[in-house]
Amino acid sequence: MDSSQGSTIAGFVDNASIQRKQSSFDGVPVYVKELIAGGFAGALSKTAVAPLERVKILWQTRTPGFHSLGVYQSLNKLVKREGFQGLYKGNGAGVIRIVPYAALHFMTYERYKSWILNNYPMLGSGPCIDLLAGSAAGGTSVLCTYPLDLARTKLAYQVVDTRGGIKDDGMRGVQRTNNGIKGVLTSVYKEGGARGLYRGAGPTLTGILPYAGLKFYMYEKLKTYVPEEHQKSIVMRLSCGALAGLFGQTLTYPLDVVKRQMQVGSLQNATHENVRYKNTIDGLRTIVRNQGWRQLFHGVSINYIRIVPSAAISFTTYDMMKSWLGIPPQQQKSRSVSAA
């Protein structure tokens, strides 16, 4: 078989695949497809890095017996205490949160971007639009799903010896445990009402606006430097996604530390008893004064290890899902909206 025949067959297969995709999702609104693509991308990326995410939370909140350990030692200690499932403790709440979060994040990003392109053409269509749309989308998704993030953090923070016969290092009986997402949210609501469900939302919003915007900006900006023939390469998408997440996370990491400590402030332990920060600035100042400025970056190393595969998988999966679901390019969607 010569190369021309091979190309013809490959083209026929590709066209057939496209036709199947179009027929399978014919009539489904574009925003629903974006929700599906974003939710799937979020769930996959979150589960892939769940063990690293839990260790990061234990470091950020200075959990006794963990905050001075390395990555491998922390993971090993969790397995000894709670078994393999301990590595994924809190991941259920994380996935339940990340599916609507990522779905809303990507979908509202596309909607905001279309709205900006259609109503403010003077701004152009470059990566700066991604910065604005990404920031707005990040804020929207956080406000809608924050209580689930709070529950995930509280569940991941609790370390209970479920194996028996293991030295507890003074931790047994120190942390108050909650049974599942419902138990955590019910407990938080009883203690602080609706306001309690959003404790730590201030630094989250402060951090997510630049982080989400920078992440989308860098991803789209980096893709402009990739030769056209490599635009659909999975390796290219993984690389651009990883670098975008790495850049955005570095600038906003201290705010994530403040958020985590505010979220677990009511869970008393020997290291920080009932920590209460008035706001984000007070949290930053108090941490620097009492724990040292290095605490603002405690766990950033594991976050680099975590964010690279997480962002890479998330962006790549979303792009591939968009293609598979037949979501039209942004420019085409914008023209359709304008015509309507």
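Other members of the cluster containing Val235 do not exist, because no ILVMFWY side chain is joined to it at under 4.5 Å.
In terms of the salt bridge (Lys or Arg N to Asp or Glu O under 4.0 Å) criterion, residue partners of Lys223 (sequence neighbours excluded) are, by chain and number, Glu220, Asp319. With sequence neighbours excluded, no residue satisfies side-chain hydrogen bond (donor to acceptor under 3.5 Å, both in side chains) with Tyr217. For Val226, the side-chain contact (heavy atoms from CB on, under 4.5 Å) criterion is met by His230, Gln231, Met236, Cys240, not counting sequence neighbours. Scored by the side-chain contact (heavy atoms from CB on, under 4.5 Å) test, Pro51 finds Leu75, Leu87, Tyr88 as partners (sequence neighbours excluded). Applying the side-chain hydrogen bond (donor to acceptor under 3.5 Å, both in side chains) criterion to Tyr198, with sequence neighbours excluded, gives no partner residue. Here Phe216 pairs with His105, Phe106, Tyr109, Phe315 under the ring pair (Phe, Tyr, Trp, His ring centres under 6.0 Å) rule; sequence neighbours left out. In this structure, the ring pair (Phe, Tyr, Trp, His ring centres under 6.0 Å) partners of Tyr120, at least two apart in sequence or on a different chain, are Trp115. Residues satisfying the side-chain hydrogen bond (donor to acceptor under 3.5 Å, both in side chains) criterion with Ser74, sequence neighbours excluded, are Trp59. Every residue two or more places apart in sequence or in another chain that forms a side-chain contact (heavy atoms from CB on, under 4.5 Å) with Ile129 is listed here: Lys113, Ile116, Leu117, Leu123.
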Would you mind writing out the side-chain donor-acceptor pairs for residues 136-144 within the sub-3.5 Å range, not counting sequence neighbours?
unit_1: Thr140; atom_1: OG1; unit_2: Tyr112; atom_2: OH; d: 2.8
unit_1: Thr140; atom_1: OG1; unit_2: Ala136; atom_2: O; d: 2.9
unit_1: Ser141; atom_1: OG; unit_2: Ala137; atom_2: O; d: 3.0
unit_1: Ser141; atom_1: OG; unit_2: Gly138; atom_2: O; d: 3.0

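The CG atom of Leu150 lies 10.0 Å from the CZ atom of Arg199; values are rounded to the nearest 0.5 Å. Leu185 CG to Leu148 CG: the interatomic distance, rounded to the nearest 0.5 Å, is 6.5 Å.
Listed by first then second residue, pairs satisfying salt bridge (charged side-chain N to carboxylate O under 4.0 Å, His left out) with a partner in residues 137-149 read Arg97-Asp149, Asp149-Arg152, Asp149-Lys259, Asp149-Arg260, not counting sequence neighbours.
Counted within 6.0 Å of CZ on Phe40, heavy atoms from surrounding residues, nucleotides or ligands total 12 or fewer; the atom is thus considered open.
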